[in-house]
Amino acid sequence: MPVPEKPALEGLEDALSAKWERDGTYRFDRSKPRDQIYSIDTPPPTVSGSLHVGHVFSYTHTDIVARFQRMRGKEVFYPMGWDDNGLPTERRVQNYFGVRCDPSLPYDPSFVAPEKPEKQPISVSRPNFIELCVKLTVEDEKVFEHLWRYLGLSVDWSMTYATIAPPAQRVSQMMFLRLLQKKLAYQVEAPTLWDVDFRTAVAQAELEDREQPGAYHRIHFAKRDPSTSLGTGGSGFVAIETTRPELIPACVALVAHPDDARYQPLFGTEVVTPIFGVRVPVLAHALADPEKGSGIAMICTFGDTTDVVWWRELKLPVRAIVQPNGTLGRVTWGAQGWETIDAARAQQAYDQLAGLSAKKAQARIVELLRESGDLQGEPKPITHNVKFYEKGDRPLEIITSRQWFIKTIDHRDQFIQRGREIAWHPEYMQARYENWVNGLNGDWCVSRQRFFGVPFPVWYPLRADGTTDHSQPLVPAESRLPLDPSTDVPDGYRADQRGKPGGFIADPDVMDTWATSSVSPQLVSQWETDADIFARTFPMDLRPQAHDIIRTWLFSSVVRAHFENQSVPWTHAAISGWVLDPDRKKMSKSKGNVVTPLGLLQEYGSDGVRYWAARGGPGVDTAFDVGQMKIGRKLAMKVLNVSKFVLAGEQPAGAVTEALDRGMLQNLAGLVDDATAELEDYEYAKALAKVESFFWDFCDNYVEAAKSRRYGDFGVEAAASASTAMRLALSVLLRLLAPYLSFVCEEVWSWSNTDSVHRSAWPTRAELIAVSGTDHAAQRSVFHLTEALNAIRKAKTDQKVSVGTPVKEVIYVAGDDAARSLALVERDLKAACRADGLVLKAGEPRVEITLKPAGV
RNA sequence: GGGCGGUUAGCUCAGUUGGUAGAGCACCGGCUUUACACGCCGGCUGUCACAGGUUCGAGCCCUGUACCGCCCACCA
């Protein structure tokens, strides 16, 4: 392809991404042996959101690494996934189609969603619901793919996966069943963190703290003399302070520190809860903090995670009042129900709370306590941190329910050990991982009471009385996976036995999002699907991801690979930073400062945006800065223009004989070494800085100095030396820049090559030295020429003439070494400063310029 | 309360094993120069967060402090 007259960046993205697709430039060749393959476990973006500039930032980093590895001779295994699984998608589908999922319904193959959502949501089976999810997300995925192609990700687009699609479900279910078989997964009925709006359990990893207003309520519990009968005994009161007075009916004990002299006399005695008249013990536990509140705490089932610890360790009973929907449930007090010393009063009071949300119940009970005189003083407002589900709107409750868990606590040391087998980029991210593993305080709860997710492939037998026997789950053969237990039938049963005594019932839950996404390495590597690919790609080479999900995605992936494959899932983890807005805050939609990525790519060019992203090193939070994108665009423009100069026109061929040319090529060999070493170490930003700096120097100094010679001013051989050296240097520089400025480099490469620059060999020192030879004197002459040029340009500028102004004479006096060195490149220097005469002398440094007489 | 990172020019950031503080942008000035005005040349800009210490010498090493960010904690 000839060099265009007026080269331009516009349109390269569309033209070249189409060409790459046609040519299969990034198609994975599965015939390569493992040691020639570089496999990447790409994060699947959530499709029900939209891609933002943070995605562009981090996915570019991965692409740079992929392109470098490919040019180094590795066959890059680079699939792309879509995370269409989980709550955000589910919510959107509900609203979009006006449906609700009812897992108890059978699949209806003829179901068609209404054009417009009806007022009253339509109930559909889980398989129907999932069909709608898939239908909606397919459109999102097209938009995402277009953006990624436009950005220039060198993904093999024939290898995409969706986290809700059958292959992903199959791997998730199969790996779950194997954990179950090894007793590494288990289910138990236990207090679990619960979101009352989503009505699902959530995991420790999905929590976040939020500052909330609250108030300390100082409340009297009557001391009770055990020697008297049922009365309160009248021997005084104990005051506790609580932020959750509505949980008083759920109180099961008071607890204070064993060394706390104030409460030591009470240990082993009982007190009576206000209003409800429940006798509860006063106990000692080291977790109680004498400094907090009154130093004695009310234990409820369950107000917070500390309550759970106390409840478990002190073997207390359960009095649960908060229901899964966040309201207080009905309770019968007295003989048939909960024990109390005054059933009538307890019932009368509690009936005013039942059915209310926790918040409303609190307001009501405060009134009741005030009336009864058990509230001491007024509530004291405070702000405190409260646990929320990261996607939730109301504080988490702790509710007892049956959930699936994967064992983690007993294996912490092994997970730490696996972490040490991974090379972290940057290294300090490993500390965050270990910090998290060491801080684990419970096994990983993997079940969610949702619909759009991977179902647990499990059923339970129903006893003759119709109750469920959870102790004997029915599991399918692996060959039946994936399946949906709400529609599929366990072996040995008939469909009409579903829900009948003596029949079976499906496990209603789905796996949490990290339980399914944590198997992405096995999924993309075709574990248990294609043993050949798996052997060639697993353990994978790279997991790129953001630092905020080390505790979730990264950790859970290590857990799964450790249990299933007895290995790490990958050998490198590249952790990218965040994009910060100008206020140094993480860019987010809620702040209204998110710019649409496609608009940016169109305005600054994909290469410009890639350049900005590439400057943010591994793990480094980086400011959103269109200024850097403009600079990237200018760099791309410069590549275009200097390439036009180097490649255009007929040029003599021949050996590189001139000192300037040889020195430049040797310096370039040094650059190749440096950039290669940095990139091998995942330091793509440092490599770019070095290449960029060399490139500008090449343009401004070398090309300027060699230009006149290349035009033939000093004969054909001298011109051939310049031409050959320039072409080689350009070829090397294009290859060094190709991972970053993927479009412009490909465009320019096509002017003198038939293959793709992205499939060309990474440059080496050897190919340069073979042409330039090694000659330190030549290298020094390049250095001194640049210095001389700068000094002479300054002198011209001082005289207010243009650098291109021809002058009569230039006298350049410099040190011995410089003078000797410059003699090697005297012709080039003289031509570059447009002087009729050039005098080089050794001595005290000085530049003297004699202008031509005016009018000549 | 614990852990990890950061603090360098107006802005965005580099600063290798300690050896006279750098780049780009912005700003100012000069250039129609036959690859490029999406360009070229030049100039200005710093108590390297603060306080101690080690050293002939500290942006870099050590101790402490402050502020910013992230992660974690048994937040009654």
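Just so you know, these numbers come straight off a predicted model, no measurement behind them. Chain letters run A, B, ... following the sequence lines, proteins first, then strands; residues in each count from 1.
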Would you tell me whether A/Asn667 and A/Tyr702 have side-chain atoms, one donor and one acceptor, within less than 3.5 Å of each other?
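Absent: no donor and acceptor within the cut-off.
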
On the six-membered ring of A/Tyr604, is A/Arg610 placed so that its NZ or CZ lies under 6.0 angstrom from the centre and within 45° of the ring axis?
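No cation-pi geometry.
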
Under the 6.0 Å and 45° cation-pi test, does A/Arg543 pair with A/Trp553?
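Ring-cation test returns yes.
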
Would you say that A/Gln376 contacts A/Ile219 through its side chain, given a criterion of any heavy-atom pair below 4.5 Å between the two side chains?
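Counting from C-beta outward, A/Gln376 and A/Ile219 never come under 4.5 Å.
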
Beyond-backbone contact of A/Glu848 with A/Val810, side-chain heavy atoms, under 4.5 angstrom
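No - every pair of side-chain heavy atoms lies 4.5 Å or more apart.
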
Given [N], is OP1 or OP2 found less than 4.0 Å from the side-chain N or O atoms of [X]?
X        : N      : result
A/Lys707 : B/rU33 : no
A/His384 : B/rA76 : yes
A/Thr622 : B/rC13 : no
A/Lys686 : B/rG15 : yes
A/Asn790 : B/rG42 : yes

More than 12 heavy atoms of other groups within 6.0 Å of A/Glu313 CD
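More than 12 within 6.0 Å, yes.
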
Just checking [X]: base, sugar-phosphate only, or nothing, at a heavy-atom cut-off of under 4.0 Å?
X        : result
A/Val642 : base
A/Asp625 : sugar-phosphate
A/Cys300 : nothing
A/Ala648 : nothing
A/Asn438 : nothing
A/Glu434 : nothing
A/Trp612 : nothing
A/Lys800 : sugar-phosphate
A/Lys387 : base

Tell me which nucleotide among [options] gets nearest to the side chain of [X].
X        : options                : value
A/Arg633 : B/rG5, B/rU12, B/rC38  : B/rC38
A/Val803 : B/rC41, B/rC74, B/rC71 : B/rC41
A/Asn441 : B/rG24, B/rC70, B/rA73 : B/rA73
A/Asp621 : B/rA76, B/rU12, B/rG69 : B/rG69
A/Asp289 : B/rA76, B/rG2, B/rC74  : B/rA76
A/Lys292 : B/rU12, B/rA76, B/rC71 : B/rA76
A/Thr306 : B/rC25, B/rC74, B/rU12 : B/rC74
A/Arg432 : B/rU33, B/rC25, B/rC4  : B/rC4
A/Asn435 : B/rC41, B/rC71, B/rC13 : B/rC71

Of A/Val646 and A/Gly617, whose closest RNA chain B nucleotide lies nearer the 5' terminus?
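This one resolves to A/Gly617.
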
On RNA chain B, nearest-nucleotide positions of A/Asn701 versus A/Ile296: which is more 5'?
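Comparing both residues, the 5'-ward one is A/Asn701.
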
Distance flag, aromatic centroids of A/Phe555 and A/Trp514, threshold under 6.0 Å:
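No, ring centres 6.0 Å or more apart.
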
Under 6.0 Å between ring centres, would you say that holds for A/Trp194 and A/Tyr389?
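So the answer is no for these two rings.
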
Mark yes or no for whether [X], through its side chain, and [Y], through its backbone, hold a donor-acceptor pair below 3.5 Å.
X        : Y        : answer
A/Asp307 : A/Gly303 : yes
A/Arg412 : A/Leu440 : yes
A/His61  : A/Gly616 : yes

Can you check the [X] [atom1] to [N] [atom2] distance for me, whole Å?
X        : N      : atom1 : atom2 : answer
A/Trp553 : B/rC71 : CH2   : P     : 18 Å
A/Tyr611 : B/rC13 : OH    : C1'   : 10 Å
A/Asp713 : B/rU34 : CG    : P     : 15 Å
A/Ile240 : B/rA76 : CD1   : P     : 12 Å
A/Met637 : B/rA37 : CE    : P     : 8 Å
A/Asp674 : B/rA14 : CG    : P     : 18 Å
A/Met629 : B/rC38 : CE    : C1'   : 17 Å
A/Ile550 : B/rG3  : CD1   : P     : 18 Å

Please give the distance between the [atom1] atoms of [N] and [M] as a whole number of Å.
N      : M      : atom1 : result
B/rC60 : B/rG18 : C1'   : 6 Å
B/rA26 : B/rU16 : P     : 28 Å
B/rG22 : B/rG59 : C1'   : 12 Å
B/rC75 : B/rU17 : C1'   : 46 Å
B/rG43 : B/rG24 : P     : 11 Å
B/rU7  : B/rC11 : P     : 14 Å

I'd like to know whether A/Lys852 forms a salt bridge (Lys or Arg N to Asp or Glu O under 4.0 Å) with A/Asp836, so could you lay out the CA-CA distance, the side-chain angles of the two residues, the decisive distance to 0.1 Å, and finally the verdict.
CA-CA 9 Å; A/Lys852 293 189 174 182; A/Asp836 293 346; 3.3 Å; yes

State whether the distance check finds a donor on one side and an acceptor on the other, under 3.5 Å, for side chain A/Lys638 versus base B/rC36.
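Present.
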
Any Lys/Arg nitrogen of A/Glu434 or A/Arg420 sitting under 4.0 Å from an Asp/Glu carboxylate oxygen of the other?
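Judged by the 4.0 Å cut-off on N to carboxylate O distance, A/Glu434 and A/Arg420 do form a salt bridge.
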
Could you check which residues of residues 792-799 of chain A get a heavy atom under 4.0 Å from RNA chain B? Sort them by number, please.
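Correct list: A/Arg793, A/Lys794, A/Thr797.
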
Both distances under 3.5 Å, Watson-Crick or G-U wobble: on that basis, could you give the dot-bracket string for RNA chain B, with [ ] for crossing pairs and | for other-strand partners?
(((((((..((((.....[..)))).(((((.......))))).....(((((..]....))))))))))))....

